[in-house]
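Whatever order the structure lists them in is the order used to number ligands and atoms, beginning at 1. Quick note: numbers below take in every heavy atom, side chains included, and nothing from hydrogens, waters or symmetry partners. The first residue in the sequence is number 1, and the count goes up from there.
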Amino acid sequence: MSAIFPTHRLFNKNVLITGASGGIGAATAILFAKAGANIIISARRPEKLSEVRQAAQQAHKEGGTGQGGKVFEWVQDVQDRRGVDKLFDLLPQDFKKIDVLVNNAGLVYGRDQVGEVNEQEMDIMFQTNVLGMIHLTQMLVKHFKQNNAGHIIQLGSIAGREGYSGGSIYCATKHALRGFTVAMMKELYDTPIRVTEIQPGMVETSFSITRFRGDEQAAKKVYEGFQPLTAEDVAEDIVWAASRKDHINVAETFVLPVNQASPTIVHKA
Ligand SMILES: NC(=O)c1ccc[n+]([C@@H]2O[C@H](COP(=O)([O-])OP(=O)(O)OC[C@H]3O[C@@H](n4cnc5c(N)ncnc54)[C@H](OP(=O)(O)O)[C@@H]3O)[C@@H](O)[C@H]2O)c1
């Protein structure tokens, strides 16, 4: 791997990635495996996690580090807090010490204006993007404090910096994540535990398909005439942040496609 990924710093580290069954989470898991880390991949769809396991094992071979490369699949809905509580009981011995948590599971539904928002979808967005994320983070912060080491990497968004019309609930969840993350960093400043927030602009994944409730054509239109980020672009950011020297904390990264300047200012050919 290139010099921007001094992979020896990731060798045999155990990295837990939520939302690892597709998109940014899957690309991140695969890149960590390639760099010589072990990965705990989590999401709700077991069949997708198995595909990611295979891709990660292949990438690990190609990476040629000869380090790490172990994979544990954790099928879990982050909204189910009692299920999340069982994590350390389920982990095999090799994985009982976690070094990095990537809080990536997240989703958006709809472009509905305030007044028209579906309450059930609103609950799912908050339960997943905010409350589930906070519950898992609380568990891992305790674990990291016991180990006197750890790194929490949060998937924020441009939507956590600036609201946009038709995104009220999603923007509120990502603003909540941002507030939580900044406060947590201020609580952990006297420990070796690192806190990073990754804030991408538009990334072409299944994100928009979920937003448009399965309408693939509507999702495709979002990216037409324009080059969005890829899941792999964001994965590079995440793995880069995790592979800095121990005394460096990348507090945040805000990375946009070159033709995007805000949630709504996007140049299309
Ligand atoms: N795409 C973008 O433009 C963009 C921009 C900025 C930030 N982000 C953020 O990046 C993160 C990843 O999004 P993505 O673009 O990669 O979208 P994606 O391709 O739709 O992936 C979302 C992932 O989250 C998982 N997930 C959703 N609900 C879950 C739940 N309740 N419990 C456990 N896992 C759950 C999904 O897996 P299962 O369905 O198998 O559970 C999937 O693996 C999200 O936090 C998103 O807000 C995305």
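Closer than 4.0 angstrom to ligand 1 sit non-hydrogen atoms from Gly19, Ala20, Ser21, Gly22, Gly23, Ile24, Ala43, Arg44, Arg45, Gln76, Asp77, Val78, Gln79, Asn104, Ala105, Gly106, Thr128, Leu155, Gly156, Ser157, Tyr170, Lys174, Pro200, Gly201, Met202, Val203, Thr205, Ser206, Phe207.
Between the side chains of Ser243 and Arg9, not a single donor N or O lies within less than 3.5 Å of an accepting N or O.
Pairs engaging residues 122-134 under the side-chain hydrogen bond (donor to acceptor under 3.5 Å, both in side chains) rule: Asn129-Thr173 [sequence neighbours left out]. Judged as a ring pair (Phe, Tyr, Trp, His ring centres under 6.0 Å), the pairs with a partner in residues 134-182 (not counting sequence neighbours) are, in order, Phe88-His143, Tyr170-Phe207. Screening residues 245-269 for ring pair (Phe, Tyr, Trp, His ring centres under 6.0 Å) gives no qualifying pairs among residues at least two apart or on separate chains.
A salt bridge does not link Glu224 with Lys268: none of the charged nitrogens is closer than 4.0 Å to a carboxylate oxygen.
Linking Ile, Leu, Val, Met, Phe, Trp and Tyr whenever their side-chain heavy atoms come within less than 4.5 Å puts Leu229 and Leu155 in one cluster.
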